[in-house]
Amino acid sequence: MSRALLAHVLHRPPLLASRSGADARGLLASRIHPLRRLNCSAAEAAPGPTEEAPASTARKKRVVSGVQPTGMVHLGNYLGAIKNWVALQDLYETFFFIVDLHAITLPYDAPELSKATRSTAAIYLACGIDSSKASIFVQSHVRAHVELMWLLSSSTPIGWLNRMIQFKEKSRKAGDENVGVALLTYPVLMASDILLYQSDLVPVGEDQTQHLELTREIAERVNNLYGGRKWKKLGGRGGNLFKVPEALIPLAGARVMSLTDGLSKMSKSAASDQSRINLLDPKDVIVNKIKRCKTDSFPGFSLKLFTSTFSLPNSSIRKKAHGIEFVYSSLEFDNPERPECRNLFSIYQIITGKTKEEVVSECQDMNWGTFKTTLTDALIEHLQPIQARYEEIMSDPGYLDNILLEGAGKASEIADITLNNVYQAMGFLRR
């Protein structure tokens, strides 16, 4: 999940692009509106909040995103989200938080939640998020998230939530008796996360696009129900209560797949730790996981039996001939029949910063053993400084606490303005 837009000409960060409506439409066959292309008019259509936020010169577009603190932050979280945030913080006004409220939608270890939250915050910093450029905070430290979720829930039809694919998948796995209401309604909390900050762009993975479509639908519905002249009659400025955010999806790394199944997303909830590279995995563990990760039998020389049929000269008699041919298959990037190969190539490309063409040129003639060694070395080299910085941050609790406190303060200033406007527009008696 995440969000932001541009006040004039859109400047896309490296490796990022907007999600077009045509792409999004195929992901959700429902009445939820498809995502629109980014454009100047979309940014200007939604008026700002009634109360004035602290003045700034030419406000940058705003991006909000977060990662759950359950389980270990893995390579998929890093390549699909956190690594891209480092580029975003130089281009946009950014708010990156640890989504601890989302972490309780399924059974979890309560004593470990606070520890995991601190660890995730430290990983943000270790990966290159700069607290002087971005606000880093804990979701539950800004209470407006929960308050706005309740207000939005009153305007969100239950049918919209029943269509959410992730709810269907997770509830099927957990069973009805183990599924709380929060699993059904957490997309409304995600909408609150985005809309609280009048977010412009939302950096999301492809599996979260449906939730962003729901957020857009909720924003438009609340704007229609309570915004405009209705809000003005209650003392507000009128216009829209929320900006309708646009999607920002990485061109590479948006969906890193499992090391044990190239068709399944790398996930914290997967039963086998062998399926993922955790950012804090030591060198020997990374070596073992890449060595044992699933590949295919395509590359290298192989023997192929063949049978051919031919006719004898000047005869109607047909004969069959049997033989053996040598076949050579190179490693490939875009063969849909080789998902594991595509996934490992994609990981190597992003880790090294090389282009597709450079990766293919370097690696296509390697056998799996050689390529796995190359990938392992690149991963260890890339993750080692992150791990070292993480240990340094965790050794100074006061430093981390101060960053989270300051980040929550900045976030609350903006969130409270939005929340107060919604309370006013919905007719609540103000204190």
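None of the values given here were measured: they were computed from a predicted structure. Counting begins at 1 with the first residue of the sequence.
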Any side-chain to backbone donor/acceptor pair from [X] onto [Y]? Under 3.5 Å, distance only.
X    : Y    : result
N367 : T370 : yes
K372 : K291 : yes
Y124 : V67  : yes
N288 : D284 : no
W368 : D296 : yes
K294 : E340 : no
R221 : S155 : yes
Q274 : T260 : no
T105 : H102 : yes

Within the structure provided, determine whether [X] and [Y] are in side-chain contact (heavy-atom separation under 4.5 Å).
X    : Y    : result
D100 : T120 : no
F242 : L152 : yes
L183 : L106 : yes
L151 : L419 : yes
D273 : N278 : yes
L248 : V204 : no
D334 : F345 : no
I218 : W160 : yes

What do you reckon, is CD of E362 surrounded by more than 12 foreign heavy atoms closer than 6.0 Å?
yes

So which heavy atom on [X] is nearest to which on [Y], and how close?
X    : Y    : answer
P245 : T215 : CG-CG2, 4.2 Å
A415 : A144 : CB-CB, 3.9 Å
I136 : I129 : CD1-CG2, 3.5 Å
M266 : G76  : SD-N, 3.5 Å
I380 : K283 : CD1-CG, 3.3 Å
V188 : M149 : CG1-O, 3.6 Å

Rounded to the nearest 0.5 Å, what separation is found between the [atom1] atom of [X] and the [atom2] atom of [Y]?
X    : Y    : atom1 : atom2 : result
Q349 : E357 : CD    : CD    : 8.5 Å
L101 : Q68  : CG    : CD    : 10.0 Å
L383 : I351 : CG    : CD1   : 5.5 Å
K83  : L279 : NZ    : CG    : 11.5 Å
F371 : T295 : CZ    : OG1   : 11.0 Å
R276 : S269 : CZ    : OG    : 7.5 Å

Return yes if a side-chain donor-acceptor contact under 3.5 Å exists between T418 and N421, otherwise no.
no

When you compare the side chains of Q139 and D193, does any donor N or O come within less than 3.5 Å of an acceptor on the partner?
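Yes, side-chain donor-acceptor contact under 3.5 Å.
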
Candidate pair I414 and F95, rule side-chain contact (heavy atoms from CB on, under 4.5 Å), full reasoning
CA-CA 11 Å; I414 297 170; F95 293 80; 3.3 Å; yes

[X] with [Y]: basic N within carboxylate O range, under 4.0 Å:
X    : Y    : value
E392 : R389 : yes
E406 : K410 : yes
K115 : E112 : yes
R342 : E332 : no

What's the verdict on ring pair (Phe, Tyr, Trp, His ring centres under 6.0 Å) for Y186 and H211, showing C-alpha distance, side-chain angles and the deciding distance?
CA-CA 10 Å; Y186 91 89; H211 288 144; 5.5 Å; yes

Step by step, work out the side-chain contact (heavy atoms from CB on, under 4.5 Å) result for T185 and T156.
CA-CA 10 Å; T185 60; T156 305; over 6 Å; no

Quick one, E246 with R216, criterion side-chain contact (heavy atoms from CB on, under 4.5 Å). Give me CA distance, side-chain angles, the key distance, then yes/no.
CA-CA 8 Å; E246 303 284 350; R216 290 169 53 85; 3.6 Å; yes

Is the distance between the ring centroids of Y197 and H145 under 6.0 Å?
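Close enough - the centres of the two rings lie under 6.0 Å apart.
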
Can I194 and L212 be said to form a side-chain contact (heavy atoms from CB on, under 4.5 Å), step by step?
CA-CA 9 Å; I194 299 169; L212 180 57; 4.0 Å; yes

Can you tell me how the ring of H382 sits relative to the ring of Y78, calling it parallel under 30°, perpendicular over 60° and tilted otherwise?
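Ring orientation of H382 relative to Y78: tilted.
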
